[in-house]
**Student:** 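Submitted below is the structure of interest, expressed as structure tokens.
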Amino acid sequence: MKDFFCRLFTPWSAGAQFDAPEAFYGFLLGRDKLLGTLRNLCFGIALVLLVIGYAVSDGTSGYSIADIANQPYYLIAVGVMVLALLLSLAMIRIEKELPKEMRPK
Amino acid sequence: MKPENLSALFENGAYTLVVQKDGATVHKDFGRGVGPALRLYDAQPELLKGALVCDTIVGKATAAIYILGGASCVYAEIMSAAAADFLNANGVDCACKTKTEKLLNRQGTGLCPFEQAVLELEKPEDCLPVIRATLARLMAGKK
């Protein structure tokens with residue numbers, strides 16, 4: 001169970017679970033690709049939410065933080081973008097663990 | 001070749017592979033597994049010809065790469081008995097700080113996958129395609 005959660009939340013530190021470094025690098029590359037796909041999905045969702053939020057707004061509110069916080073679509077979009085940021089940080093950490101020639105360009 | 005002097009070439013873990021020719025370092029790399037050796041063999045095999053190769057861990061698979069590259073001498077911090085026998089049988093001098101009976105996998109539950117893959121092979125040229133196939137299989141996440 002501990003190994004599973006390690007692979008899930010901190011894949012860059014799961015090296016000891018693999019028979020060989022190459023197997024670990026393969027796992028990291030796959031995980032990096034998955035996180036990249038999820039991140040792109042977050043960007044898409046945030047874009048849709050922002051468009052919907054703009055479409056349903058009545059035009060009377062401003063763009064201060066308080067006004068954005070009152071708009072549920074904008075708020076959720078911010079949350080999704082924060083998630084995308086966290087995924088980016090995880091991807092950066094994963095790519096640091098890979099040999100230079102294996103890092104995605 | 002003085003093993004105690006060669007360990008210094010790794011510069012306290014900064015490098016895992018150092019190649020020397022005529023006393024001068026021609027290549028340095030850092031990495032785990034057969035990756036650094038295979039990369040060097042694929043990209044610049046001429047650097048291995050007649051060279052002194054210093055690697056932190058040498059198993060039979062890595063030894064096969066160095067034999068095919070034409071290395072004259074291999075020094076390792078840890079060398080498997082199979083690697084040492086393989087190098088000697090192919091006319092390559094070798095020395096190591098620690099000789100281990102078997103090269104285990106990272107979990108310590110069995111042989112290193114590469115060592116296992118080439119264990120029964122007797123010719124270095126037979127080892128290379130097996131090493132590449134094992135590498136591809138591991139990178140694809142298959143056991």
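Order of the sequence lines fixes the chain letters, A, B, ..., with proteins taken first and strands second; residue numbering starts at 1 for each chain. Keep in mind that this is a model prediction, so the values were computed, not measured.
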**Student:** Following the transitive rule for hydrophobic clusters with a side-chain heavy-atom cut-off under 4.5 Å over Ile, Leu, Val, Met, Phe, Trp and Tyr, establish whether A:L38 and A:V48 coincide in one cluster.
**Tutor:**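 Hydrophobic grouping puts A:L38 apart from A:V48.
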**Student:** Can you tell me which portion of B:F114 sits under 4.5 Å from chain A's heavy atoms? Options are side chain, backbone, both or neither.
**Tutor:**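 When you check distances to chain A, only side chain atoms of B:F114 fall under 4.5 Å.
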**Student:** Count I, L, V, M, F, W, Y as connected when their side-chain heavy atoms are under 4.5 Å apart, and connections chain through other members. Are B:V34 and B:F30 then in the same cluster?
**Tutor:**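 No, no single cluster joins them.
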**Student:** Within the supplied structure, the quantity of interest is the number of heavy atoms (other residues, nucleotides, ligands) at a distance under 6.0 Å from B:D22 CG; does it exceed 12?
**Tutor:**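 Open.
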**Student:** Identify whether the distance between the nearest side-chain nitrogen and carboxylate oxygen of B:R32 and A:E97 falls below 4.0 Å.
**Tutor:**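 Result for this pair is yes, salt bridge flagged.
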**Student:** Does a sphere of radius 6.0 Å around CZ in B:F10 hold more than 12 heavy atoms from other residues, nucleotides or ligands, not counting ones at 6.0 Å or beyond?
**Tutor:**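 More than 12 heavy atoms, drawn from other residues, nucleotides or ligands, come within 6.0 Å of this atom.
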**Student:** Pick one: which of A:F27, A:Y25, A:F24 meets side-chain contact (heavy atoms from CB on, under 4.5 Å) with B:M139?
**Tutor:**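 Per the side-chain contact (heavy atoms from CB on, under 4.5 Å) rule, the option paired with B:M139 is A:Y25, out of A:F27, A:Y25, A:F24.
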**Student:** Check each atom of A:A16 against the heavy atoms of chain B and say whether the ones under 4.5 Å are side chain, backbone, both or neither.
**Tutor:**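 Just its backbone gets close to chain B.
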**Student:** If I take atom CE from residue A:M102 and atom CZ from residue B:R39, how far apart are they, to the nearest 0.5 angstrom?
**Tutor:**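 So the gap between those two atoms works out to 7.0 Å.
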**Student:** Would a hydrophobic clustering, with Ile, Leu, Val, Met, Phe, Trp and Tyr connected at side-chain separations under 4.5 Å, put B:F86 with B:V130?
**Tutor:**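 Result: yes, single cluster for both.
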**Student:** How long is the straight-line distance from CD of A:E22 back to CD1 of B:I131, given to the nearest 0.5 Å?
**Tutor:**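 Nearest 0.5 Å value for the CD1-CD distance: 10.5 Å.
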**Student:** When hydrophobic residues are tied together by side-chain contacts of less than 4.5 Å, even through go-betweens, does A:L34 share a cluster with A:I92?
**Tutor:**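 No: no chain of side-chain contacts under 4.5 Å links A:L34 to A:I92.
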**Student:** Measure across B:G33 and A:P21 and return the closest heavy-atom pair with its distance rounded to 0.1 Å.
**Tutor:**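 It is N-CG, 3.7 Å.
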**Student:** Identify the heavy atoms of A:D19 and B:N105 that sit nearest to each other, and give their distance.
**Tutor:**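 Residues A:D19 and B:N105, closest heavy atoms: O-CB, 3.3 Å.
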